[in-house]
Amino acid sequence: MIEVYLFLIAVAVILSMYRFFRGPTTADRIVAVDIMTTLTTGLMVLFALYYRRAIFLDVALVYAVLAFVGVIAFARYMEGGL
Amino acid sequence: MNPYYFASIALILIGLYAILAKRNVLKMLVGLSIMETGVNLLLISVGYVSGRSAPILSEGITPDRAVDPIPQALVLTAIVIGVATTAMALSVVINLYEKYKTLNVEEIRRLRG
Amino acid sequence: MNELALIVFAPLIAGALAWLIDIKGIREIIGVLGAAVPLGYAALLYQKVNGGLSFAINLGVFKLTFALNALNWFFLGIGALVGFAAILALVSTGRDSYEWLFALMSLSGVLGVFLANDLMTFFIFWEIMTFASFMMVLHYNKAASLKYFLLSVFGAYAMLIALGMIYAKLGTFDFAQIQQAMYKEAYAVAFKADTVFSKGESILIYLLFLIAFGVKAGMFPLHVWAPDAYSETNQSYAAMFSGVLSKTGVYGFIMLYLLMGTRLAIELGGFRSTTKFGYIIAFLGGLTIIVGGLLAALQEDIRKLFAYSSISQLGYILVGIGVGTALSMQAALFHALSHALFKGLFFLIVATIVYRTGKTTFADMGGLAEKMPFTFAMAFVAILSLAGIPPLVGFASKWVLFEAVISQNLPVLGGMVFFGSAIGFVYLIRFTYAVWFGQRPTDLDNVKDAPLSMAVAMAILALFNVILGIAPGLVARELNKIFGKEVIGGNLYVLDLGFGKYNALAILIYLIAGIVIAGIIYFMGAKARRVPVTDTYQSANPVTMDYNLTIRRNFFLPLKETLAFWLRISFDKLYHDIGAWIEDLAEVLRNYIYNGSVQSYAWYLAIILLILALWGV
Amino acid sequence: MVKRIFAIVFILIIGFWMAKALDQVPFGQDRMLVGKYYLEHVKEETGAVNAVTAVVVNYRGFDTLGEVTVLFIASTGVAALLWRKKRKRTAKTEGSVVLTTGARLLLPFIMLFGVYIFIHGHLTPGGGFPGGATIATAFLFLYLAFTVYEVDHKIFEPLEGLAGVGYVTVGLIGLAIGGYFLFDWIWQTWGIGKENIGRLLSAGFIPIIYTLIGIKVGTELTGIVDNMIKEPEEGGQ
Amino acid sequence: MGETSKISRYLYTVLILFIIWLFLTGSLDPQEVTIGAIFALIVGALTDEVFTERGLGNLNPKRVLYFTAYIPYFLWAMIMANLDVAYRVLHPKRPINPGIVECRTVLTNNVGKLALANSITLTPGTITLDVKGDRYFIHWIDVKDKSVEGASENITKPFEKFLKVIFE
Amino acid sequence: MSQYASLLIALPLFGAFFIPILKRISKSAVMPFLVLVTLIQTGIAAWVFNEVYITGKPIIIMAGGFRPPIGINLYIGHFAALFVLVIAVTSLLMTIFSFKAVSVEPKDKYAMLFLLLMLGATGMISTGDIFNLFVFMEITAISAYALIAYNKTGEASEAALKYIVLGGIGSSFFLVGVALIYGSLGTLNMAHIAQLAHLVNPTVAKAGLALLIFGLAVEAEQFPLNAWAPDAYQEAPHPVTAMFSAFVVKASLYAMGRVIYILSAVEGWSSILRLLIILGTLTVIIGEMSALRQNNVKRMFAYSSIAQVGLIAVGLALGTESGVSASVFHMFNHAIVKALMFLAVGYVAVELGGTEINKFEGLGKRMPVTAFAITVGAISIIGIPLFNIFWSKMQLILAALNAQYTWMVALILGASLVEATYYIRLIHTIWFKGEGEKVKESSVLALVMLLLVALIIVIGIYPEPFWNVMQKAGSDIFNVAQYIKNVPLMGVSP
Amino acid sequence: MSIASIIGQALVLFGTFFYVLSSLGLIRMPDVYNRMQTATKSATLGSLGVIIGVGIWAIGEVGSYSWIPKTLIVAVFLLLTNPIAAHALIRAAYKSGVPLWEGSIVDRYKEAESSLERVEEIKEKLEEPSRGVEINE
Ligand code: NA
Ligand code: NA
């Protein structure tokens, strides 16, 4: 059953990728990235369950932290705040 | 061709293409990073053993159910080295831009001959 | 200490001492002593020539080995004698301790080359000699020294390759062992057995040695450094430079014959009555005679004249070596001796003239016979000897050489040698008249004759010119000793080649008359110089120097014009052009390759990857 | 255009070549040799559960020391290259109160995450480098939110050095006690934590080294960010 | 709030960090707890000044109570918001009526403002675009009232009653 | 006791990490500290050298006490022992030079990078693990990037950028090579790889070896992968340039040699050698030609250095023990000479403000000791007997002939002829052109230069003991069977 | 199948739905502001569902309660950071000049910004009369 959820989330990631490539503005792309990272975090957590390894949750956590700060960096760069 | 190998070779080649074809120095450096990523993926792929899990021997994972830990250790190192290279490259480019006021690789050629 | 070591190192040590002490007077004494030691020992060792005298210094990687035999004693004698004379003359003309150091160092180098018993020692002393002589030229003229240096390096490297090839195959530098191995090789070639050196390799070694020795001997077309280097240095030193240093090249060719002559002869086959490889040397020697002779005739500077003359004379020796018969070899050795004697003498004469007048061009000279009678007398001997007029040593050697070439039925070479003699007369006449006779420029009125040291030096060489001219049998005896058989027969005064005879004593008697005639010429010349140059009138106008077409100035203008086309083909210029062209090419290439764009450089990497890929796929 | 076509042709050929070679290294096969040894002996020899960590810190300690060095070089190099007499941040707009407050609230949490990651390196997929990077992220967040924020170089640089010196010293203690540089004297000589495998206080000096690396990486990455984000003031060349 | 003692702030920070540590490790192993306490003390010392202004004052029972009550309220709002999103996204006509409006808040505390902004962002049809003093600029997907008062009534008011207690 | 040789790695690291702390205490103590560290390093290196050459056995440092191939080992054999010493001594001399030559701030960072450059090269020549080699290579390269750009001029940044891009490509493909070899054998230890080399799939081996050599050749400045080098040499601070030429490139060359010979059992090996010979030959030719009409003397020396590097590579690729030994000898001699020459040319730049050829007019009168040093160095490089390089060129020639590469002799001598042309031209400019005021030369630097000159001449006159050492060092690289035997591999087998 | 598994799985299903919804919103909405409106909210809620769902599911599936605290941490982290990120992004989008969708009916922010600028201008003029001229240019 988990495979189905994994698949669906993967589909969602791919759909967001459409916005990433399509744009049209930089802001659109970064929003797409932001959403993709959120989805990916969920995907990773789900993978942890799939492999039955709690240690992968740490990976998801670090990923969430780095992705969040990364998005903030993009945002601040875009508004000229750096 | 295995998709992981394919992806890593593709990344390496895309990176190489960027270095060969892009005029902007920053894009060339991005190419370099992409290349490094490809290499890292390749290393990891080489160490993968089908049907096995991360080489962390907890939660019921025994040695015969774990993948090769060496490439993962290597990649850790390689990533850090890549980061370091990128950091150096960027600060070099900052200085370069300050002096030359350009990032066009064709204009960064005062040293020649 | 071993005599050989003393011979080789005495000049070097003396030079170093002279340089260190650097007190005028003392350094000259030390220097002359240093040059006297080899001469003295060379004389002493005459008895021990075949006594197997040898000496070795262990330098770690290589051993320096020396040994004495009849052949190198002969060259040792030439070197020590002319070297001593040149050093003696240096007492007057030497400018500073620098010159003492390097002149003596080069003498050490020469003697080391002659006495070396293995290729490595040979090479090392060859380089010491080259370096020292380079420093001597550098002291006077940088451009000349640069040209000399580059060609020397070229030659040295050629030798080095040959050395390396031999060592790599045979594992030894020892002459005797190499000779033995090469004999075996020759047999192997003859019997179509496996050889250590392939045909190509032996030819390569031959060509490399040809270049190496050819440069030093001033062989056409590698001669371009010589005229400048011989003329642009201390003229006393030039006596040794031209008289002795060039002989190391000759010695080298002889060594080449000894080491691998048989091998090359069998491998390459013959040409007419000689060997192919020998004929190449001889032919190049012949060209050297002609080119050197012609250019000598066209010079306006006495130093240059003798420099070219020297080149021309070396050509004779090469012809002799190249023809390759025992007789022609002996002739070559003989002429090597005579050339050292008379050309050494000539350069000392030039040194004296330059030293006393401070001038070097014909245009500035004339009528010196009266002011410098002793020097003129010496010049007289030298001129006769070079021109090949009996009974001086120059005649004896040239005569043997003529006979040797002609007897081998080699018409082209014969023609070249003959032409060389003719052109020799031409430039000698010029020297004789332009310097010694004719009108003397007024500023030379107070010129003094040679200083003592130079006079002694000249006298020594002149004496040998005369003695060995009258008694050529002395030399013939030594040469026969080298070859271990009687090639040139006769007695002390008579040379008997079997198909021709030369009696020096008889000729001497005929020539008493000749000397009388010379005396008359001298007095005539002395008379003629009473009128100052500017007192000549033409159409009632004083003749300016520009129009004064005398023997002293552009005397051979018609000849020059005839040869205009050929003179334009200057090898000197050719090398220069090639050099410039290479440099231009290099610059273009460099700017093209290192074009500054990092992207291009990345492409280079990609290209290499592509090559690897194509090679791997 | 020609350049691009050439580039594509080139990389295709090169790619084909690499693919052909990789074809002989079939994916997913167990080809472990040394790796197998590690998996089988990692617990008894190093006390670590995470074999990668054991490889990184123990078996291939030289690599890791080198890796630390590389990052140190980068941080030093960036500081050297961007060094000017006077440098200042030139950011124009500060983040809104949402961002600034968010940064203040999250700072301790993210730091604690970092600590958690490096201290558990021998148990979970983590270690000094990701831990340090997470800590640096906390500081990066401050840089992103506040226009005036900058780290105290007086503390950061010596701390960075101190952590490095500490690492080398730990290695040298191994040399003194166990006879080998980077010898895990805590595990192999003292045998501390042998009964604890799989719990926090085990795996010999791995937690110590990872703590040092975490501090070092955190300070270094922060330093790199700090250097990159500042620009020279007028006349401050 | 400057009068809040340093110790209070420190202890509060350490406490929160320690709790988070427990959650992170998900274990009550004494080793984990000990090390967690140590690092909570260290990290707390480094960060307490930026982390909190009020220190232990935050643990006032009333505030905790309101905070606890706020959670289900907020979650509910969030689910509603998402259903609203689902309606707008999945509706073939894409029914939207967007614009940027301005609201005022009575909150003065920064953390309160953050909580308000986040709440707004996660609830129906609104995202906080910027906060300037007490003025919130909000992108509203379906603008119902352009006036400041009207918008405030719609957007900020519902949360303020909780947040005011929790953070003021 | 021999494990204390690991101080060769630990000390520079400790020193570099300690500098930020030291800087807080006293900023002016940083440069003297640098001298101190390199001095101690020299002492350790001397001890190691002595130990290895007296016992005749390599020192195997086992990090963490794990036996290879389980742990990474450092292999300080005859080659490494020798070059560790060369590196330490050169670094020591260059620290002294740095006092004079480095004026740009921040000097504490310079000192750190300096130590780490030294460390990187030391690691490269002593490691016994192919991935660890990559790590040390990157340590060397990245500190080199920083040092090249250290002067913060546009040109310096440009030079560094070029090196970064090319070095980055090189190291990426090197890693691909590592991945291939590892994927095929499952081990990274060099001795273990050598032991198992015959088991590698030929296709993989060919590509892997090619990629490894490709990556290393970028660092080892083989044409046309060396395009970064002239710029980098020109723009780096002078002591750093000297270090590049003296040992950084040598470390890469060594690595290339080591990798080649440990994989000598794989298929396609000889064609890689042939390729390397071609590259090396081109390196020599292009290097010499580029130096020929070069107006910037430092750049001229750089090209000259590249050409020598080409010769060394050719020697390594001959595939014979004598070739490798000759190469090592040439590395050693060239290290001494180029350290001297870059020191001298750098000193000229410091005193006279540039390295364009016109600055050298009248140098013989202005800075006689420096001029003398340059002259001796030039004469040595040309290959005049009684100077050190003569002997190594000689050995290279002999080796080439032994290996049936007769034409290579012409290459070496032709190169020497070109060298003679441009160096004599330089000497001419120095001694016979122009005039100028006399500059007071630093007595310490004069001493350093004369020391190196003396070394050049001592080797030139008495090469035997040095040649003996070089033969041992060369054999260390060439003799793989012995290498495998020397490394105490534990029984991990497929 | 245990109760925990059922609840967990239901939550995951719930989350997955909103995940897909957020990606659809990202595609369908007309401008970046509206995309953010829809995508952020559902992605956050989706995360809560999926991640906490996994925590609960694991009780049944793996038999371990230790998943719960960790998943909670991840979920809370996302709950806290996603709106901050969205806020930073929308502000950045606006400030970098991404226009509102043409169907937008009001822009208070623009009005406020321009009036704010005017205020600042006047303030500076008053403080530094000499520099006021420059500003006018
Ligand atoms: Na996110
Ligand atoms: Na988010």
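Below, chain A is the first sequence line, B the second, and so on; all start at residue 1.
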Under 4.5 Å to a heavy atom of chain G? For E/Tyr136 that would be neither
Under 4.5 Å to a heavy atom of chain G? For E/Leu75 that would be side chain
Any [X] side-chain heavy atom under 4.5 Å of [Y] side chain:
X	Y	answer
E/Asn82	G/Phe14	no
G/Val76	E/Phe23	no
E/Thr25	G/Lys70	no

Most contact-rich option vs chain E, by heavy-atom pairs under 4.5 angstrom, among G/Trp67, G/Phe17, G/Phe18, is G/Phe18
Given G/Lys41, G/Arg28, G/Met29, the one with more heavy-atom pairs under 4.5 angstrom with chain E than any other is G/Lys41
Between the CD1 atom in E/Ile127 and the OG1 atom in G/Thr38, the distance rounded to the nearest 0.5 Å is 8.0 Å
To the nearest 0.5 Å, atom CZ of E/Arg88 lies from atom CG of G/Leu21 at 12.5 Å
In short, E/Leu129 meets G/His87 closest at the heavy-atom pair O-CE1, 3.3 Å
Check this for me: E/Tyr73, atom OH, are more than 12 non-hydrogen atoms of other residues, nucleotides or ligands nearer than 6.0 Å?
yes
| Is the count of non-hydrogen atoms from other residues, nucleotides or ligands lying under 6.0 Å from E/Ile7 atom CD1 greater than 12? | no
